[in-house]
Asker: 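What follows is a structure written as structure tokens; I'll ask about it next.
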Amino acid sequence: MESLRKVLELERAKGFADTAVIGGLDSFLGRLLKGNRSTAGARLRTALRALPPRGYAGLATGERRRWVEGLLAGLANGPAPARASPVVHKAPAVVSPPTGRRSPARLSAAGGVTLDSSIEVLKGVSRATAARLARLGVRTIRDLLYHFPHRYSDFAHIRPISQLVVGEEQTVLATVWTAAETTIGRRLKGSEAVVGDETGTLRVIWWGQRYVARQLRPGMRLALSGRVTVFRGQRQMENPEYEPLTSDDLIHTARLVPVYPLTEGLSPRVVRRIAKETLDAFAERVPDTMPPSTQERLGLWPAPRALRQMHYPDSLDAAEMARRSLALRELLMIQVGVLKRRQAWQAAGRAHPLGLPPAAAEGFVASLPFSLTAAQRRSMAEIAADIAREVPMSRLLQGDVGSGKTVVATAALLAAAASGCQGAIMAPTEILAGQHYRTISALFSDGGEPLWSGVFQPSYLGRPLRVTLLTGSLAAKEKAAAQEAISRGEVDIAIGTHALIQEEVSFPRLGLVVVDEQHRFGVMQRATLRAKGGCPHLLVMTATPIPRTLALTVYGDLDISLIDEMPPGRKRVKTIRALSHERDETYGFVREQVQQGRQAYIICPLVEESEVIAAKAAVQEYEYLVREVFPDLRLGLVHGRVPVVEREAQMRAFRDGRLDILVSTAVVEVGIDVANATVMLVEGADRFGLSQLHQFRGRVGRGEHQSYCILLSDNPSEEAQERLRLMESIYDGFRLAEEDLRLRGPGEYFGTRQTGLPDLRVARLSDVDLLQQARAEAARVLEADPALARSEHRPLAREVSRLWDSKLTAEVG
Ligand code: ADP
Ligand code: MG
């Protein structure tokens, strides 16, 4: 019955096209059954009875898969005929080891092993190996299945030795003549072998790998895959992958060989072997999160096949097909997650419809000291349309630093007030809240003075408007007064920090919440927010230029308004690259600016190890600058370990001109507005992403004076300088973000971890088409089955909650 299992597996590998055996599966099965009395035979008979009159050939692909997999599970399940367990997870792991090969990584046949079991249950995975794999984030069997190669070596070309081509990667099948340790030069040790086939002999060298010689014996048959080079006029192969030719299943050679991300102490051979055996044993048990109907419509592979082909593809095209198949599942899962979140937000209740009478809207716009850009107008209109409805808005307002988001948000807050509701705007820091308070107050002053503190009487509104600041550091009396006024419904617009939602405040008529610089705010406190006051409309503002693909995943539950245009007449910040030998001149320039009455920021180099080390480095930098470079100037220091109150005090001192230079780690990235600051000096600029540099640059150039961004680096490499050169020529945050993505990949660009999203393992941010398909599919699925209750959606539902629930809980908690 071994042949039955093999044929069924082949059939599965070939996508259930009934091509595993010549003449089709039906006639093969018939032949096999004749006179067969084994338990497997009994099982096969039972299975055959489930087939329609036309047999296997008469089944559709999905039915074929279920039938084959049921039978395979039955065959694996041991002697007692049983129905295949519907709970795939719980099925015992029974593994057929590759024939004829003793494998140290053979899996145990013990029951109870699930995809979530630790990889330590796998034989051949020692505690040490498990610890090394854990460093790559691989802890469970599922992790291992999804630990994909980052590329493949093409060893599919087998050639006789006489036809090897110098410079290419090829595979030869040969016999070992001699093998020994060798010393090359004075120090470098390695292994050397001479191998041969009918057409010639070949010298093989493994630099630095003495153990290879110990594994090779004269007379052994080997498959060797590697690059052919010439040494003293003779062809040789260097550091090839090799595999004894005893197994019929060449996992290391003679095909596309996966190259896995590795960590110290993990050999590629070990990882490949573990991966291969895990795949053989568990790929079929991975619950397919994509409904079969979706698979068929999009022409994608079932998950097990995609998984196998992702690791051991038949061709590069197959690898890409596998990647797309898995990427779409991943994106579908994320889209279902974000759309469900949106659904929950919208279904939880009705919002107050908010709107400004046209005359008031015109009056507000006319009262502004500038005319709005087209992008601002468009965003205002989009928001106005949303908040006019009872469905609570969830919208992202995205615009580069200085693009003028505040005025757009203010129009919405005004609409809330005009409709008899309250509006709130939350900023991540006290200083930003204060800044908003002043900016917004100025916008409502209508050129005149407030009636009294915090109360305005804009001519276009026809009634007074009360604005209140509420932050944690207010004096107890003021704070209590603000809280009370808000709770009594007397405040139209509340501006503040976390204090707005954390302290004893309730909003009797909360109509709109604006959250500024969201991802610094901690991912989402929407649930808390909602608990504060019914079902407000939500507007999130961010200056982070997020490329569209990323936006659809990170902020997938939000609609997006984009301010893609700067107010006219902005002076461009001059951007200059400097190398460390130009440091003195750079400091000289900073000093000159300060002597002219300007101020400067100095950003310390990025230290990735930890906040503590970053803080230490910043303190050192600061002390050096104070002692050696600017002893006569007033310097301040902010970094992540400085308590918030102290940090804000420093920033305030800088804003009020009591400091000349603010030394900082990346924390000043938040949008403080100091018009007199004209120099942004970034140390170790090459370590930052372009988007981040752009954010730094946005901190200057806010006033009338020419501003400068100096990118200092001690990395003269062409690559680093090329990247920094982009900063000199590109001033558009979005274009820089795209460049960043292209050059450094998503992880570097924008850690999805901090956004609270599941990590993307397969999908790329450039997969715009897949993303759109996933989005459409997710909407379709949720429309048809909002609770994901149908059986075909169950694996998807399970996966979505597995990946999202902890995050959602963390958010709410
Ligand atoms: P950000 O999008 O970074 O939050 P702000 O809303 O703080 O930008 O606006 C930056 C500055 O630009 C403010 O001083 C604001 O008054 C000004 N501003 C906003 N819109 C315009 C405009 N259309 N024309 C000229 N200046 C504008
Ligand atoms: Mg702002």
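Indexing begins at 1, ligand by ligand and atom by atom, following the structure's order.
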Asker: Within ligand 1, which atoms have a heavy atom of Ser403 less than 4.0 Å away?
Answerer: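 Counting from 1, the qualifying ligand atoms are 2 (O), 8 (O).
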
Asker: Check salt bridge (Lys or Arg N to Asp or Glu O under 4.0 Å) between Glu621 and all other residues, then give those that pass, not counting sequence neighbours.
Answerer: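 If we apply the salt bridge (Lys or Arg N to Asp or Glu O under 4.0 Å) test to Glu621, skipping adjacent residues, there are no hits.
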
Asker: Taking distance alone, with N or O pairs closer than 3.5 Å, would you say Gly399 contacts ligand 1?
Answerer: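 N/O-N/O distance below 3.5 Å does not exist for this pair.
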
Asker: Indicate the ring-plane relationship of Tyr708 and Phe589, choosing parallel, tilted or perpendicular according to the 30° and 60° boundaries.
Answerer: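 Rings of Tyr708 and Phe589: perpendicular, over 60°.
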
Asker: Calculate, to the nearest 0.5 Å, the distance between atoms OH and SG belonging to Tyr622 and Cys604 respectively.
Answerer: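 Between Tyr622 OH and Cys604 SG, I get 11.5 Å after rounding to 0.5 Å.
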
Asker: Heavy-atom contacts with Thr373 under 4.0 Å: which atoms of ligand 1 show up? List them by number with element.
Answerer: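 Here the atoms of ligand 1 in question are 23 (N).
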
Asker: What orientation do Tyr587 and Phe630 show, parallel under 30°, tilted 30 to 60°, or perpendicular over 60°?
Answerer: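 It falls in the perpendicular class, over 60°.
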
Asker: Are more than 12 heavy atoms, taken from residues, nucleotides or ligands other than Arg735, located less than 6.0 Å from that residue's CZ atom?
Answerer: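 Atom CZ in Arg735 is not packed in, count stays at 12 or less.
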
Asker: Go through ligand 1 atom by atom and flag the ones less than 4.0 Å from a non-hydrogen atom of Asp400.
Answerer: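 Matching atoms, with element in brackets: 2 (O).
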
Asker: Think Arg697 forms a cation-pi with Tyr731, using NZ or CZ under 6.0 Å from the six-ring centre and within 45 degrees of its axis?
Answerer: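 The answer is yes, since Arg697 meets both limits relative to Tyr731.
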
Asker: Classify the contact between Ser371 and ligand 1 as side chain, backbone, both or neither, using a heavy-atom distance cut-off of under 4.0 Å.
Answerer: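 Only the backbone of Ser371 comes within reach of ligand 1.
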
Asker: Below 4.0 angstrom from a heavy atom of Thr406, which ligand 1 atoms are there? Numbered from 1 as shown, please.
Answerer: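 Once the distances to Thr406 are compared, the set is 4 (O), 5 (P), 6 (O), 7 (O).
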
Asker: Select one of side chain, backbone, both or neither to describe which atoms of Gln376 lie under 4.0 Å from any atom of ligand 1, heavy atoms only.
Answerer: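 It is the side chain that gets close, since no backbone atom is under 4.0 Å.
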
Asker: Tell me whether Val407 has any N or O atom under 3.5 angstrom from an N or O of ligand 1.
Answerer: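 By distance alone, the answer is no.
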
Asker: What do you reckon, does Ala543 put a non-hydrogen atom under 4.0 Å from ligand 1?
Answerer: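 No, Ala543 has no heavy atoms under 4.0 Å from ligand 1.
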
Asker: Check each atom of ligand 1 against the heavy atoms of Leu372 and keep those under 4.0 Å away; list them by number with element.
Answerer: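 Near Leu372, the atoms of ligand 1 are 23 (N).
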
Asker: Would you mind writing out the side-chain donor-acceptor pairs for residues 376-385 within the sub-3.5 Å range, not counting sequence neighbours?
Answerer:
residue	atom	partner	partner atom	Å
Gln376	OE1	Thr373	N	2.9
Gln376	OE1	Thr373	OG1	3.3
Gln376	NE2	Gly404	O	2.9
Arg378	NH2	Leu562	O	3.0
Arg378	NH2	Asp564	OD1	3.4
Ser379	OG	Ala375	O	3.0
Glu382	OE1	Ser561	OG	2.5

